[in-house]
Each structure stands twice: as C-alpha cells, then as structure tokens.
Amino acid sequence: MPAQDDEEQGQVFFDESDIIHEVDVDEEDLPDADDEDDIENIEDPDDSIQIFTGHTGELYAVACCPTDPVLVATGGGDDKGFLWKIGHADWASELQGHTDSVSTLAFSSDGQLLASGGFDGLVKVWDTFGNFKRTLEGPGGGIEWIRWHPKGHLILAGSEDCTAWMWNADNGNCLNVFSGHDAIVTCGDFTPDGKTICTGSEDATLRIWNPRSGESIHVVRGHPYHTEGLTCLSISSDSTLAITGSKDGSVHIVNITTGKVVSSCSSQTGSTDGNPESIECVLFAPNFPWAVFGGMDQNLTIWDLQNSSPRFICNHEEGVTCLAWLGASKLLATGCCDGRICIWNCLSGECIETFKGHEHAIQSLAVSSNLEFLVSVSMDGTARVFEIRDFC
C-alpha cells in the first residue's frame with residue numbers, strides 16, 4: 001500500500017535515521033492513575049504562617065488579647081476553648097467546663113481576663129494563663145455573644161432566652177437583666193463611652209438601654225426599620241450611632257440619643273428565589289466617615305456616612321461572613337464562605353491581597369494588638385495565622 005494511504009489512515013512509521021537520542025525510563029518514574037488524579041485536584045496554596053489544630057470540630061469564635069500580641073483564644077463545636085500563642089506551637093491551655101459549643105469569646109479591655117460563652121447558657125471567666133476564675137449563671141438559653149465594658153470588668157451577654165445579662169466579672173454578681181425582646185438576642189454592645197447598651201434581636205427590634213436602671217430608653221421597630229431578625233450590630237466611636245444588619249437584606253443607622261433611623265441601605269442583589277440575602281456583618285470605620293457591611297449577596301459595601309450613599313461595592317465569589325479592620329487604617333479584612341480572606345483598601349475600593357488556606361467558611365476574624373497578624377477560624381476545624389505587617 002502506498003505511504004500516502006498509510007498517512008490517510010492515521011499511521012506514522014519511523015526508521016532508525018529518525019532517532020535523535022535514546023533515554024532509559026524506569027517504570028517507577030511513570031505517572032500512574034492516582035498521580036493523574038492528584039494533578040487534577042491540586043489544592044489552593046496555604047498562605048498561613050501557623051495553623052492551630054487543637055480543636056476537634058468546627059470553630060466559631062476567635063479573640064486576640066489587647067495587651068499580649070501573640071495570645072489568641074479560640075472556641076468551637078467541640079465544647080472547648082483554647083488559649084494559644086502565635087509563634088509558640090508548643091504552648092496551649094485548654095479551657096474546660098462548657099457542655100455545649102463555645103460560641104463566643106472576648107478579652108477584657110485591660111487584657112487581664114477572658115470570657116467564654118457557650119450554648120450551654122454559661123459564661124465562664126479565665127485569666128490569661130487559662131486558669132478558671134468563675135462561672136456566671138442566669139440565662140435560660142445559649143449565649144449568643146459577649147462584650148466587656150470599655151472601662152472595667154463588667155460583662156454583657158445576649159441569650160437565646162430573649163434576655164441580655166450584665167455581671168461583675170470580679171465577684172460574679174449579676175448587676176442587671178435586660179428583658180423586653182420577644183426572641184433571641186442576637187447582637188449587642190456597650191457604647192464606647194460605657195453609658196448605654198444597645199441590643200438587637202430576632203424580633204426585628206433594636207433596644208437602647210440604661211445599664212444602671214435596666215430601663216429600655218428606646219425601642220426601634222416598624223417602618224422604616226427592619227422587617228426580619230437582626231444579625232449584627234456596631235456602634236460608632238463617638239457613641240452616637242448604631243448600625244444594624246438583618247436577614248431582610250437591609251442595613252439601618254440609628255441615632256442612639258433619639259432612637260430615630262437616620263440612614264438606610266438594602267442588599268444590592270436577591271437570592272435565586274427572589275428573597276433578600278442576609279446581611280451578616282457590619283462595622284463603623286475607626287478613623288473615617290464610613291460604615292462597612294457584608295452579607296450573603298457576596299458583596300462588601302463601603303458606605304459614605306456623610307452622603308448616605310455607597311462609596312464602593314466590592315464583589316466576592318461567595319458570601320461575606322465577617323469583617324475586621326486592620327487597626328485604625330483604611331484596610332479591611334473580609335472572611336468568606338469559600339474559606340478565603342480578602343484585604344481591601346477602602347479608600348480605593350481595591351482588593352490588595354487574598355489569603356488562602358482554609359477549606360470551608362470563615363466564621364470569625366481577629367487582629368493582633370501589634371497589627372502584625374490576622375487570625376481566622378473556620379468550619380474546617382482550624383485556626384490560621386496570616387502575616388499582615390506589610391500592610392499596616
């Protein structure tokens with residue numbers, strides 16, 4: 001058969017003159033099917049400089065000590081909390097005693113004490129070596145969040161039983177119970193001047209309280225406020241404004257003195273079924289006239305408080321679950337459902353870095369007091385440390 005016919009049938013023949021060089025190949029060097037699968041499933045790089053793996057379940061909470069830049073507390077679904085140190089992989093102190101998930105953690109402003117809250121309805125107080133001090137009892141449901149008074153050892157906590165509680169952490173005495181909400185108290189805080197308390201609830205209301213008397217000064221509800229449960233809350237540094245986010249996809253800013261809504265914004269996109277996407281996190285900027293919020297619409301919105309309009313809407317590949325300012329700067333970290341952390345320049349609206357390493361959703365972020373480290377916790381059961389000193 002002519003050579004042209006062979007080529008038409010897809011057959012190619014070589015003779016010895018076509019050989020340039022012979023190479024011996026060991027069968028062990030040849031890729032097998034498993035190797036090919038590994039190549040196809042290459043994971044994202046891990047940008048973290050340290051991984052804490054002491055937990056055996058999903059992680060929900062992280063806090064960095066305000067006075068010790070390497071001391072970190074984490075808590076999660078294994079009913080445990082841990083104190084551990086950045087750069088000291090051989091040091092960890094387990095916080096034992098909770099009988100359900102550790103849902104929230106917070107250090108006192110002077111860095112002397114740590115409080116842990118659990119779905120067992122208990123708040124426990126520890127020193128910074130992990131030594132147990134006392135249990136604060138009272139709530140009839142799981143603890144949703146904990147905040148310390150900005151100037152002392154007073155603890156405020158919100159519960160599933162529709163109440164918020166305030167204790168003296170030094171002696172364990174209950175100082176007040178704030179009753180009035182009709183559903184879970186999902187968020188709350190002291191104002192930075194320590195004179196007022198704000199709480200938000202699944203009942204779609206914001207309540208403003210006198211911490212001494214326990215009196216509800218204002219109840220913010222109905223039009224033009226939220227129509228579904230509140231998910232998050234932040235208070236401005238001058239103690240005049242509260243910003244709240246909700247399952248209804250809206251964000252409202254309230255004047256704390258008057259109890260009036262002064263600005264509002266809604267999620268830019270809805271879910272596939274037409275319902276609004278929940279807002280998951282809100283913060284005021286420490287040194288700029290901005291507020292920021294993120295949610296399941298996959299956006300971070302940087303809101304101009306002076307003009308009541310968005311400066312930038314920053315898109316993510318998946319929902320935004322948590323936020324953390326890198327000190328008093330223009331830089332903000334966002335934690336996302338895809339396990340990634342983005343660093344945004346809020347002056348320009350640009351993403352200047354993306355940290356990878358987590359395999360599942362980020363639940364919480366915290367920044368070390370020296371602004372050198374960002375710590376994240378995830379549903380993947382790990383806490384990771386990322387270096388941020390080049391940005392701050």
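If you take CG on Asp248 and OG on Ser266, they are separated by 7.5 Å, rounding to the nearest 0.5 Å. Remark: Ser108 OG to Lys151 NZ distance equals 15.5 Å, nearest 0.5 Å. Note that SG of Cys64 and CG of Leu374 are 8.0 Å apart. Values are rounded to the nearest 0.5 Å. Going from atom NE2 of His149 over to atom CE of Met166 covers 8.0 Å, rounded to the nearest 0.5 Å. The line from CD1 of Ile302 to CG of Leu332 is 7.0 Å long, rounded to the nearest 0.5 Å. Rounded to the nearest 0.5 Å, atoms OG (Ser93) and CG (Asn131) are 7.0 Å apart.
A continuous path of Ile, Leu, Val, Met, Phe, Trp and Tyr side chains, each step under 4.5 Å between heavy atoms, connects Trp84 with Ile49, placing both in one hydrophobic cluster. Put simply, Ile146 and Phe132 are part of two different groups of oily side chains (I, L, V, M, F, W, Y) that touch within less than 4.5 Å, one to the next. A continuous path of hydrophobic side-chain contacts links Trp344 to Phe288 [ILVMFWY only; heavy atoms under 4.5 Å]. Under a hydrophobic clustering in which Ile, Leu, Val, Met, Phe, Trp and Tyr are joined whenever their side-chain heavy atoms come within less than 4.5 Å, directly or via other members, Phe373 and Val377 fall into the same cluster. Hydrophobic clustering of Ile, Leu, Val, Met, Phe, Trp and Tyr side chains at less than 4.5 Å, counting indirect connections, unites Leu156 with Leu154.
Under a 4.0 Å N-O distance rule, the pair Lys247/Glu228 does not qualify as a salt bridge. Taking the charged nitrogens against the carboxylate oxygens, Asp47 and Lys356 have no contact shorter than 4.0 Å, which rules out a salt bridge. Between Asp46 and Arg384, at least one side-chain N (NZ, or NE/NH1/NH2) sits under 4.0 Å from a carboxylate O, which counts as a salt bridge. A salt bridge does not link Glu318 to Arg340: none of the charged nitrogens lies less than 4.0 Å from a carboxylate oxygen.
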Evaluation steps, side chain to side chain donor-acceptor pair (under 3.5 Å), between Thr205 and His181: CA-CA 8 Å; Thr205 70; His181 285 295; 3.2 Å; yes

Audit row: Ser116, His98, side chain to side chain donor-acceptor pair (under 3.5 Å) steps and yes/no: CA-CA 9 Å; Ser116 61; His98 284 287; 2.8 Å; yes

Residue pair His360, Ser378: steps toward the side chain to side chain donor-acceptor pair (under 3.5 Å) verdict: CA-CA 6 Å; His360 297 295; Ser378 165; over 6 Å; no

Evaluation steps, side chain to side chain donor-acceptor pair (under 3.5 Å), between Asp338 and His316: CA-CA 9 Å; Asp338 59 6; His316 297 70; over 6 Å; no

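No hydrogens or angles considered: nothing links the side chains of Glu137 and Thr135 as a donor-acceptor pair under 3.5 Å. No side-chain donor from either of Asn307 and Ser309 sits under 3.5 Å from a side-chain acceptor of the other. If you check the side chains of Thr244 and His226, you find a donor sitting under 3.5 Å from an acceptor. One side chain, Asn299 or Asn315, offers a donor N or O that lies under 3.5 Å from an acceptor on the other. In this structure, a donor-acceptor pair under 3.5 Å is present between the side chains of Thr163 and Asp161. Using modelled atom types, one finds a donor on one side chain and an acceptor on the other under 3.5 Å when comparing Ser278 with Glu280.
Stacking of Lys85 on the aromatic ring of Trp91 is recorded, both the 6.0 Å distance cut-off and the 45° axial limit being met.
Considering Phe190, Trp165, Trp209 as possible partners of Phe178, the one that fulfils the ring-ring contact (aromatic ring centres under 6.0 Å, His included) test is Trp209.
In this pair, Phe355 and Phe386 present their aromatic rings parallel. The plane angle is below 30°, not in the 30 to 60° band. Ring geometry for Trp303 versus Phe293: interplanar angle of 30 to 60°, hence tilted.
Counting heavy atoms of neighbouring residues, nucleotides and ligands inside a 6.0 Å radius, atom CZ of Arg389 exceeds 12 of them.
Minimum interatomic distance between Thr128 and Leu83 (heavy atoms only, all atoms of both residues): O-CD1, 3.7 Å.
Under the 4.5 Å side-chain criterion, counting only non-hydrogen atoms from C-beta, Glu372 is not in contact with Glu387. Between Val123 and Trp167, some side-chain heavy-atom pair lies under the 4.5 Å cut-off.
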